[in-house]
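For reference, the structure discussed in these notes is given below.
Lettering of chains follows the sequences in order, A, B, ..., and the numbering in each one begins at 1. Values below: all heavy atoms of this structure, side chains included; hydrogens, waters and symmetry mates excluded.
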Amino acid sequence: MSFFDEVYKVVKLIPKGKVTTYGEIALRLRSGPDGSRINISPRTVGWALHANTDPKTPCHRVVNKDGKLAANFAFDGEREQKRRLLAEGVGFIGERVNLVKHIWMP
DNA sequence: AAAGTGACGCATT
DNA sequence: TAATGCGCCACTT
């Protein structure tokens with residue numbers, strides 16, 4: 001059970017048609033079950049997702065705070081990611097996700 | 001054990 | 001709004 005697995009677990013909880021940010025995930029993991037972790041950096045969350053190649057993890061529902069998609073290393077490229085989000089009903093404003101309407105609030 | 005690395009975030013400019 | 005600089009934490013050599 002590594003830190004990565006917990007990140008993936010949270011990502012899998014994101015309902016269809018919703019998105020969340022790296023920062024939000026970091027906050028959610030701030031108080032781990034074992035209490036071993038105190039602070040998590042959003043950077044670390046993104047890094048965890050980068051390492052993940054599991055198709056069951058909806059990484060495309062995770063965007064940065066500006067609603068922008070991962071520039072360099074999206075799973076299938078930015079365009080594909082955007083397309084998938086649109087297919088789920090996630091609204092876009094230009095090239096950015098409409099976070100105001102689609103941010104996932106557990 | 002120490003240094004390098006990265007799907008980010010925030011305050012400034 | 002976009003571009004810069006700095007902090008951040010877990011993981012891999």
Side-chain angles (χ1 to χ4, degrees):
Chain A
M1 191 55 161
S2 63
F3 165 75
F4 287 6
D5 298 318
E6 295 192 38
V7 174
Y8 306 150
K9 191 159 53 176
V10 173
V11 172
K12 287 176 186 171
L13 292 178
I14 306 174
K16 183 177 160 191
K18 292 286 183 182
V19 298
T20 192
T21 67
Y22 303 97
E24 287 297 319
I25 294 177
L27 287 176
R28 193 187 169 86
L29 294 178
R30 199 158 68 77
S31 304
D34 52 358
S36 59
R37 277 178 271 85
I38 305 174
N39 285 344
I40 299 291
S41 161
R43 215 174 175 89
T44 310
V45 174
W47 185 56
L49 284 180
H50 179 208
N52 175 51
T53 48
D54 182 8
K56 294 171 62 180
T57 307
C59 339
H60 58 280
R61 298 195 185 126
V62 185
V63 298
N64 66 15
K65 202 64 170 135
D66 298 324
K68 192 85 160 59
L69 308 179
N72 275 350
F73 234 124
F75 56 108
D76 278 329
E78 273 183 275
R79 293 202 64 84
E80 186 63 18
Q81 182 172 2
K82 177 180 178 182
R83 200 183 66 72
R84 291 197 65 165
L85 289 173
L86 284 172
E88 294 183 352
V90 176
F92 272 73
I93 303 176
E95 293 303 312
R96 301 174 205 172
V97 175
N98 187 345
L99 285 177
V100 179
K101 283 181 64 74
H102 299 292
I103 184 76
W104 177 49
M105 290 294 276

Could you check which of [options] has an atom nearest any side-chain atom of [X]?
X: A:P42; options: B:dA7, C:dC9, B:dG9; result: B:dG9
X: A:I40; options: C:dC9, B:dG9, C:dC11; result: C:dC9
X: A:N39; options: C:dA10, B:dG6, C:dC9; result: C:dC9
X: A:S41; options: C:dC9, B:dG9, C:dC11; result: C:dC9
X: A:W47; options: B:dG9, C:dC11, B:dG6; result: C:dC11
X: A:L49; options: C:dA10, B:dA7, B:dG9; result: B:dA7

Once you round it to whole Å, what is the distance between [atom2] of [N] and [atom1] of [X]?
X: A:E95; N: C:dT1; atom1: CD; atom2: P; answer: 15 Å
X: A:N64; N: B:dC10; atom1: CG; atom2: P; answer: 10 Å
X: A:L85; N: B:dA7; atom1: CG; atom2: P; answer: 19 Å
X: A:I25; N: C:dC9; atom1: CD1; atom2: C1'; answer: 15 Å
X: A:Y22; N: C:dG7; atom1: OH; atom2: P; answer: 23 Å
X: A:K65; N: B:dA11; atom1: NZ; atom2: P; answer: 11 Å
X: A:K68; N: B:dA7; atom1: NZ; atom2: C1'; answer: 12 Å
X: A:E80; N: B:dA7; atom1: CD; atom2: C1'; answer: 16 Å

Value rounded to 0.5 Å, distance of CD in A:E78 from CD in A:E95: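 With rounding to 0.5 Å, CD (A:E78) is 7.5 Å from CD (A:E95).
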Exceeds 12 heavy-atom contacts within 6.0 angstrom, atom NZ of A:K101: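 Atom NZ in A:K101 is not packed in, count stays at 12 or less.
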Secondary-structure notation, DNA chain C, from Watson-Crick and G-U pairs under 3.5 angstrom (| other strand): .||||||.|||||
Verdict with reasoning, A:W104 to A:V10, per side chain to side chain contact (heavy atoms under 4.5 Å, CB included): CA-CA 11 Å; A:W104 177 49; A:V10 173; 4.2 Å; yes
Sugar-phosphate, base or nothing in reach of A:R96, heavy atoms under 4.0 Å: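 A:R96: backbone/sugar contact only, no base atoms under 4.0 Å.
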Could you give the side-chain donor-acceptor pairs of residues 19-26 of chain A under 3.5 Å, partners two or more places apart or in another chain?
unit_1: A:T21; atom_1: OG1; unit_2: A:E24; atom_2: N; d: 3.1

Qualifying residues under side chain to side chain donor-acceptor pair (under 3.5 Å), relative to A:S41, sequence neighbours excluded: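 Not a single residue meets the side chain to side chain donor-acceptor pair (under 3.5 Å) criterion with A:S41.
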Non-hydrogen side-chain atoms of A:H102 and A:V63 separated by less than 4.5 Å: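 They are not in contact (no side-chain heavy atoms under 4.5 Å apart), so the answer is no.
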Hydrophobic cluster membership, A:I93 vs A:L99, 4.5 Å side-chain cutoff: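 Each belongs to a different hydrophobic cluster.
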